[in-house]
Amino acid sequence: MTNYPDMDIEIIIRDKVIDAIEKLYSHKADPNQVQIQNTRKDFEGDKTVVVFPFLRLSKKSPEQTGEELGNFLTGEVSEIAGFNVVKGFLNLVIDGSYWMNQLNEAAGDKQYGFSPVTDESELVMIEYSSPNTNKPLHLGHIRNNLLGFSISEIMKANGNKVVKTNIVNDRGIHICKSMYAWKTLGNGETPASSGKKGDHLVGEYYVKFDQLYKKEISELVAGGMSEDEAKDKAPSILAARDMLRKWEANDAEVRQLWETMNGWVYQGFDETYKMLGVDFDKIYYESDTYLIGRDEVIRGLDEGYFYRREDGSVWADLSGEGLDEKILLRSDGTSVYMTQDIGTAKMRFEDYDINHMIYVVGNEQNYHFQVLAILLDKLGYKWGKDLYHFSYGMVELPHGKMKSREGTVVDADDLVEGMIDVARKVSEELGKLDGYSEEEKNNIYRIVALGALKYFILKVDPRKSMLFNPEESIDFNGNTGPFIQYTYARIQSVLRKATDSGLSIPEKAPSIACNEKEIELIKTINRFPFVVKEAGDNHSPALIANYVYDLVKEFNQFYHDYSIVNETDETVRSFRLVLTRTVGQTIKNGFSLLGIEVPERM
RNA sequence: GGUCUGGUAGCUCAACUGGAUAGAGCAGCAGCCUUCUAAGCUGCCGGUUGCGGGUUCGAGUCCCGCCUGGAUCACCA
């Protein structure tokens, strides 16, 4: 009999299964053939070994093979207290003392489930958000920001150094449109003079430009011009293009206006970011990177990776990679989106010693990143083909995609504000916060509202598109952020009650004979570090969200069925208090990976 | 049209990457507060996993063909 106190039970089982196959059937089993999973709840046992893969080696029935393996394992591993075989599944019963140890591994560890970041840790740079500075953030950006922030936290928890970065698309024709509209129609309106948030104000002028442009087009078409020509000749678009040229030529007046309006937008964005609880370690601006990108393209041209057409435009021929040709510089020498991304990548790798680069960008840009990876590779960057495009699905409304022109955009600030209103209403109806100051209450409304919104978005598989119905407010009951926050607050309430009545909660749980719910809870807590790792490997906050929900559901059943503070057996009470506290800690840790706060009361 | 991607309960989502009887929430119905927070707990109802083949001990998951939604293929970003 061997004891492996600190080793994970699954590793032990895997090793011993391989031993067993060798001893019993004289075959070497491939470790990958050994499939171990948590036993489903409707069967007796804790860990299950799938025996089908070994039938070829044992040349016996699934039942008999399972029996033989079970007998071997029970004899070899002290933690295995018994087993049963159902069809081709060997269910192992793990001794209660093992679970008690597992609980005490987690108990009192504020960093439970997280791997430490060390000097040797790899550096992961994560780009997310990446707004244009001509309009405010909307629901699509919210998904991006929440995913980006959460992935960053998850990568940290997996022991990586993380640099959160943002590339701000602060130049280009779209910015000039807002600028032109403001200049001609704005009468000097400012955020201060109008009381409007800066990004919203600039966004209004972007819309006004579009209206003006459309009007001019229809007038020109009415005057006999073709639509294509009208689009090209409308006075407003000519003026915007002129501004862009002046901008590139460093025209003082245009630059001044550009800086002023962008300043308004940044102030607005900062508010929104702050409210969402997201931040960045390093911000890049397209206005700083596009020229570097242009130089890189020229270098690629000189070195023969790209070619120039007769009109002067520069292209990459990717037909060898099964893709099309891609433009890199316009015939007038100005740069496109791709150019800028090449420059930004170069700057980043000069600024940091990056091991992994992750771009959090919607799946509508899959092609773009496929091309970017190839281009960087061609330009000689060894990390080019290794960049990871975290491609997430779109947020759809009941009537389809958000269209700014059709007014179906769900504004980020409005959405958060609306959520806070709902949180306030729900909370006031329940009346549990009576006696708190307005400030305390407002903070709780904020925490709950954001918890609801963030959980709603993060619980779905990021790769899939998701539906948001603005008509129905996000739920606060069931599988939701507030339900989980509520359970956390409830746990804190129990712990307060314990200390208030003079009970001390020990660091480690005393050994007791656990009931089924307690074992289930420990098993669930025990899964957390694996879930964190899996979430990192799969880049999926949803795995964390679904896990925390499982844990909380489990706890609420336990809470309903058993007393904690009111338990009369002192040892059992101590054990349950430690268990309860550990569940609370695990909820908090899990939610921190989603960027969701937990309230002490609600 | 080429490429990529999705289709699971009335609705919104899961399913440990090929494992046991496909699970939750919402909505609907029926119960549980004199006791640690009822934003909770317990039941009931709800499914031919788009359709048809194939691969194997075993398929929602892998392969092929249809049906169907979406994205993308610009001197837009």
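Each chain gets a letter, A, B and so on, in the order its sequence line appears, and its residues count up from 1.
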Within the 4.0 Å heavy-atom criterion, would you say A/Phe483 contacts the bases, only the backbone, or no part of the nucleic acid? sugar-phosphate
Tell whether A/Asn363 reaches the base of B/rU72 with its side chain through a donor-acceptor pair below 3.5 angstrom. no
Per atom distances to the A/Tyr549 side chain, the nearest of B/rU37, B/rG19, B/rG25 is B/rG25
If you measure from the C1' atom in B/rU42 to the same atom in B/rC13, how many Å do you get, rounded? 23 Å
Heavy atoms only, 4.0 Å cut-off, all strands: where does A/Tyr367 land among base, sugar-phosphate and nothing? sugar-phosphate
Of all the choices, B/rU37, B/rA20, B/rC4, which nucleotide is nearest to the side chain of A/Asn366 once you look at every atom? B/rC4
With a 4.0 Å cut-off on heavy atoms, is A/Ile564 in touch with a base, just the backbone sugar-phosphate, or nothing at all? base
Looking only at the side chain of A/Val86 (C-beta and beyond, no hydrogens), which of the listed nucleotides B/rG25, B/rC41, B/rA20 gets closest? B/rA20
Is A/Lys464 near enough to B/rG70 that one of its side-chain N or O atoms lies under 4.0 angstrom from OP1 or OP2? no
Mind checking if A/Tyr562 touches a base, just sugar-phosphate, or nothing, with heavy atoms under 4.0 Å? base
May I ask you to verify if any side-chain N or O of A/Arg463 is less than 4.0 angstrom from the OP1 or OP2 atom of B/rA71? no
Applying a 4.0 Å non-hydrogen cut-off, can you work out what A/Asn91 is touching in the nucleic acid: base, sugar-phosphate, or nothing? base
Nearest-nucleotide pick for A/Thr48, side chain only, options being B/rC36, B/rA20, B/rU17: B/rA20
Between the base of B/rG19 and the ring of A/Phe89 - centre-to-centre under 5.5 Å, planes within under 30° - is that a stack? no
Atom CD of A/Glu396 to atom P of B/rU5: distance rounded to whole Å? 17 Å
Using a 4.0 Å heavy-atom cut-off across all strands, classify A/Val336 as base, sugar-phosphate, or nothing. sugar-phosphate
Report which part of the nucleic acid A/Met602 touches: base, sugar-phosphate, or nothing (heavy-atom distance under 4.0 Å, all strands). base
Quick one: which of B/rC36, B/rU21, B/rA77 gets closest to the side chain of A/Lys87? B/rU21
Same-atom distance (C1') from B/rG54 to B/rU61, integer angstrom: 15 Å
If you look at every strand shown and take non-hydrogen atoms under 4.0 Å, does A/Gln365 touch a base, only sugar-phosphate, or nothing? base
Name the closest nucleotide to the A/Tyr486 side chain, picking from B/rC4, B/rA38, B/rA77. B/rA38
Can you identify which nucleotide, out of B/rC36, B/rG40, B/rA77, has its nearest atom closest to the A/Asn132 side chain? B/rA77
Report which part of the nucleic acid A/Phe456 touches: base, sugar-phosphate, or nothing (heavy-atom distance under 4.0 Å, all strands). nothing
Give one of base, sugar-phosphate or nothing for A/Arg527, where a contact means two heavy atoms less than 4.0 Å apart. nothing
What's A/Tyr559 touching, base or sugar-phosphate or nothing? Going by heavy atoms closer than 4.0 Å. base
Which nucleotide in B/rA77, B/rC41, B/rC13 has an atom nearest any side-chain atom of A/Tyr337: B/rA77
With a 4.0 Å cut-off on heavy atoms, is A/Gln35 in touch with a base, just the backbone sugar-phosphate, or nothing at all? base
Which part of the nucleic acid does A/Val460 contact within heavy-atom distance under 4.0 Å: base, sugar-phosphate only, or nothing? sugar-phosphate
Sugar-phosphate only, base, or nothing, as touched by A/Asp461 at under 4.0 Å among non-hydrogen atoms: sugar-phosphate
